[in-house]
Student: 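I have a structure I would like to understand better, so I am pasting it below and will then ask my questions one at a time.
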Amino acid sequence: MTNIHATAAQMADSLAKKEFSAVELTQAHLDRIAEVDGKVNAFLHVDSQGALSQAKSVDEKRAAGEKLSPLAGIPLALKDILAQEGVPTTAGSKILQGWRPPYDATVVAKLKAAGVVILGKTNMDEFAMGSSTENSAYGTTQNPWDLTRTPGGSSGGSAAAVAAFEAPLAIGTDTGGSIRQPAALTGIVGVKPTYGGVSRYGVVAYSSSLDQVGPFGRTVLDSALLHEAIAGHDERDSTSINAPVPQVVTAAKKLDVKGMKIGVIKELSGAGFQAGVSERINEALDLLVEAGAQIVEVSCPNFEYALAAYYLIAPSEASSNLARFDSMRYGLRVGDDGSKGAEEVMSITREAGFGKEVKRRIILGTYALSSGYYDAYYGSAQKVRTLVKQDFEKAFEKVDVLVSPVTPTTAFKIGEKSNDPVAMYLSDIATIPVNMAGIGGMSLPVGLAKEDGLPVGLQIMAPVMQDDRFYRVGGTLEAALLSKWGKPILSNAPELGGK
Amino acid sequence: MAAISRDDVAHLAKLARIEMTPDELDHMATELESILGAVKRVQEVATSDIAPTSHPLAIFNVFREDVVKPSLTNEQSLSGAPAKAEDRFKVPQILGEE
């Protein structure tokens, strides 16, 4: 019997023992999607046929005795920002409605080669600009814990799919927190790898110096298995790091933090964070101390400027990256009636195809880069980036990993912040410094806030290309929490099924 | 810092090739003003002795041999084109009247 509530590692084990087939496992997840996605709206496109055919091919290879990779036959949800050949790819935007890429992103090619079954494409804030999925041109995703709340964003569809047992694994992208924040708000594990650790080839670019692809899973080990499957050097991405992938699977299984030094960032604790969030974070730190780690307080005084710098750097890079949506070679074209010139058609198309937040950021970026303002805005933001990097470097001289809450609050209500961009931007205050410095970070669920019964995420950060460290700490803490709770955190979420 | 006028936004929208409605321009001017008010904090610490960081990695140009490899076919490349003619992308007029 298939069990959609199992972990990906358990499913892989059952597949290897031929307890059920990949086709049966895939069908069970497609059935779950059919049952609950009307409520959750995690998927923009479900590719049943493609998924079943990939599953069948894995089953045939297994029957023939071929050697398979660890995740062969495991279903996965793919954020709609990654190009998948022949499958609609919209990045949550109307400007790409109906586009079917003629090629696979490197991450997609790696997943296919590993026999992973791609169930479909998940909802997201348009071009990954947002923290709630409310900026999707195709409607918002609902948080499986409470359908009146957002799952976070921008990778909200991927996180919700995993939390609602529609898929055991998912891929997201993280530019300022877009994997870690939705993971925290839906009670699952999400990882932003070191910048350059995973290829960006075939990923619709938002802010190229910050964007990074990463895994979602319900456990630390599942995330590590997916991390290893997608990571590694790619000659098609000039910013891809040509070095061995950190041993994250080994680290996730280590279950030992004796002697490790864990730094609590003073500026990312206490005031400004929901009481129930701080409470769960502190309990988690106590468990790490019991497991033999040492807690040290560190100061990162320039983090308070990181959010402001991010909202200059990311829109600036976006205003340049999104220039490619010009209606000439692919995507939407509006107003081409034979009487208008190319630039006029371009302007009409971009007006019709981009949503409000995307236009807001393009205009902001155009302003920040324009002559006369460049030094005051973009130039100053780049200097803050240096200061944030230095804060991290100094902190990592004293500790092995750094920790903080992932978000100031638990999941917020749909509509609560959608008319106040600055309030919405604040939900990324703890995640943004990681992207600015190019290091990696994990969001680990550490319990439910007592005020509202919603999940709280602990952020664990490590130096560049030391991603194994947060898997080691995360795996150890996860095991301690599980033995304390006696059951996984997601068993507290509503069932959603049963029409 | 000068206030952002509606005309400023209209100029930016023109540079960004987005044809905004008068209503959108008004709205955007107000929002831009409030966002810039929040982000200009970066100027408090960005002193002249700090070197800017444009990228998290110390990146260098990456070179490869210039050899022909399989790539997308003409048909694949044109598969998403809004309009095509004679195996090419068909675009609106670029140079005005013919």
Side-chain angles (χ1 to χ4, degrees), chain A residues 99-103 195-196 209-210 235 238-239 241 302 305 308-309 311-312 319 323 326-333 336 340-348 350-351 354 359-360 362-364 366-367 370 376-377 379-387 389 421-422 425 436-439 464, chain B residues 1 4 8-9 11-21 24 27-28 31-32 34-57 59-62 64 71-73 75-84 89-96:
Chain A
W99 182 54
R100 290 173 187 260
Y103 71 105
Y195 181 87
S209 78
L210 302 165
E235 62 174 22
S238 63
T239 60
I241 295 175
N302 295 296
Y305 301 98
Y311 279 100
L312 287 164
S319 73
D326 59 7
S327 78
M328 298 296 131
R329 294 147 301 157
Y330 57 98
L332 189 70
R333 181 184 292 180
D336 185 15
K340 297 182 185 72
E343 292 203 4
E344 206 180 343
V345 169
M346 216 177 273
S347 299
I348 297 170
R350 286 162 66 82
E351 164 69 7
F354 288 145
K359 288 179 197 167
R360 194 183 280 142
I362 290 175
I363 296 295
L364 176 60
T366 307
Y367 179 82
S370 59
Y377 288 105
S380 297
Q382 286 188 311
K383 289 180 175 182
V384 169
R385 194 165 186 180
T386 304
L387 296 172
K389 259 187 110 168
V422 177
Y425 298 169
M436 303 274 282
I439 64 170
V464 167
Chain B
M1 199 61 58
I4 309 292
D8 294 333
V9 179
H11 177 65
L12 294 168
K14 190 167 179 285
L15 290 175
R17 305 285 185 273
I18 301 174
E19 193 179 279
M20 289 193 182
T21 63
E24 262 184 300
H27 211 74
M28 194 70 76
E31 285 179 344
L32 203 57
S34 119
I35 296 170
L36 284 172
V39 298
K40 74 174 178 207
R41 294 199 63 207
V42 292
Q43 293 160 9
E44 292 169 23
V45 284
T47 50
S48 58
D49 56 325
I50 302 164
T53 298
S54 60
H55 209 273
L57 304 176
I59 47 170
F60 305 94
N61 274 337
V62 178
R64 63 166 169 79
S71 63
L72 295 182
T73 63
E75 198 187 334
Q76 285 172 318
S77 302
L78 291 167
S79 64
K84 52 195 162 189
F89 295 104
K90 189 178 173 194
V91 302
Q93 56 176 317
I94 292 168
L95 299 172

Student: Measuring from atom CG of A/Leu387 to atom OG1 of B/Thr47, what distance do you get when rounded to the nearest 0.5 angstrom?
Tutor: 7.0 Å
Student: Tell me if the CD atom of A/Glu235 is crowded by more than 12 foreign heavy atoms within 6.0 Å.
Tutor: no
Student: With a 4.5 angstrom heavy-atom cut-off, is it the side chain or the backbone of B/Val62 that approaches chain A, or both, or neither?
Tutor: side chain
Student: Relative to chain B, which of A/Arg329, A/Met328, A/Arg350 shows the most heavy atom pairs under 4.5 Å?
Tutor: A/Arg329
Student: Could you pull out all residues at least two apart from B/His11 that satisfy ring pair (Phe, Tyr, Trp, His ring centres under 6.0 Å)?
Tutor: none
Student: Do you know which of A/Leu312, A/Leu210, A/Val464 has the most heavy-atom pairs with chain B at a distance under 4.5 angstrom?
Tutor: A/Leu312
Student: Between B/Ala51 and chain A, which part of the residue has a heavy atom less than 4.5 Å away: side chain, backbone, both or neither?
Tutor: backbone
Student: Measure distances from A/Ile241 to the heavy atoms of chain B and classify the residue's part below 4.5 Å as side chain, backbone, both or neither.
Tutor: side chain
Student: Most heavy-atom pairs under 4.5 angstrom with chain A, which of B/Leu72, B/Asp8, B/Thr73?
Tutor: B/Leu72
Student: Just so I understand: if I count every heavy-atom pair under 4.5 Å between each of A/Tyr330, A/Phe354, A/Tyr311, A/Tyr305 and chain B, which residue has the most?
Tutor: A/Tyr305
Student: Please determine, among B/Lys14, B/Arg64, B/Glu44, B/Glu75, the option with the most heavy-atom pairs under 4.5 Å with chain A.
Tutor: B/Glu44
Student: Who among B/Thr53, B/Ile50, B/Ile18 has the most heavy-atom pairs with chain A under 4.5 Å?
Tutor: B/Thr53
Student: Give the member of A/Pro102, A/Ala381, A/Pro101, A/Ser347 that has the highest number of heavy-atom pairs under 4.5 Å with chain B.
Tutor: A/Ser347
Student: Can you tell which part of B/Met28 gets under 4.5 Å to a heavy atom of chain A, answering side chain, backbone, both or neither?
Tutor: side chain
Student: Let's test your reading of the structure: which of B/Glu19, B/Lys90, B/Lys84 forms the most heavy-atom pairs below 4.5 Å with chain A?
Tutor: B/Glu19
Student: Please tell me if the side chains of A/Val422 and B/Ser34 come closer than 4.5 Å, counting only heavy atoms from C-beta onward.
Tutor: yes
Student: Please look at A/Ala437 and chain B and tell me whether the side chain, the backbone, both or neither of the residue comes under 4.5 angstrom of a heavy atom of that chain.
Tutor: backbone
Student: Side chains of B/Arg17 and A/Asp326: does their closest heavy-atom pair fall under 4.5 Å?
Tutor: no
Student: Locate the shortest heavy-atom distance separating B/Phe89 from B/Ala81; write the atom from each residue and the value.
Tutor: CD2-CB, 3.7 Å
Student: With only heavy atoms counted, which part of A/Lys340 is less than 4.5 Å from chain B, the side chain, the backbone, both or neither?
Tutor: backbone
Student: What is the minimum heavy-atom distance between A/Arg385 and A/Met436, and which atoms define it?
Tutor: NE-O, 2.9 Å
Student: Could you please spell out the steps behind the side-chain contact (heavy atoms from CB on, under 4.5 Å) verdict for B/Thr21 and A/Glu351?
Tutor: CA-CA 9 Å; B/Thr21 63; A/Glu351 164 69 7; 4.0 Å; yes
Student: Heavy-atom pairs under 4.5 Å with chain B: which of A/Ser319, A/Gly196, A/Gly379, A/Gly341 has the most?
Tutor: A/Gly341
Student: Do the non-hydrogen side-chain atoms of B/Leu36 and A/Leu364 ever get within less than 4.5 Å of each other?
Tutor: yes
Student: Taking salt bridge (charged side-chain N to carboxylate O under 4.0 Å, His left out) as the test, write out the residues that go with A/Arg360, two or more places apart.
Tutor: A/Glu357, B/Glu31
Student: Heavy-atom pairs under 4.5 Å with chain B are the metric here; pick the option from A/Lys389, A/Met346, A/Lys359 that has the most.
Tutor: A/Lys359
Student: Among B/Leu78, B/Val45, B/Asn61, which has the most heavy-atom pairs under 4.5 Å with chain A?
Tutor: B/Val45
Student: Check each atom of B/Ser79 against the heavy atoms of chain A and say whether the ones under 4.5 Å are side chain, backbone, both or neither.
Tutor: side chain
Student: Which atom pair, heavy atoms only, marks the closest approach of A/Tyr377 to B/Val42?
Tutor: O-CG2, 4.3 Å
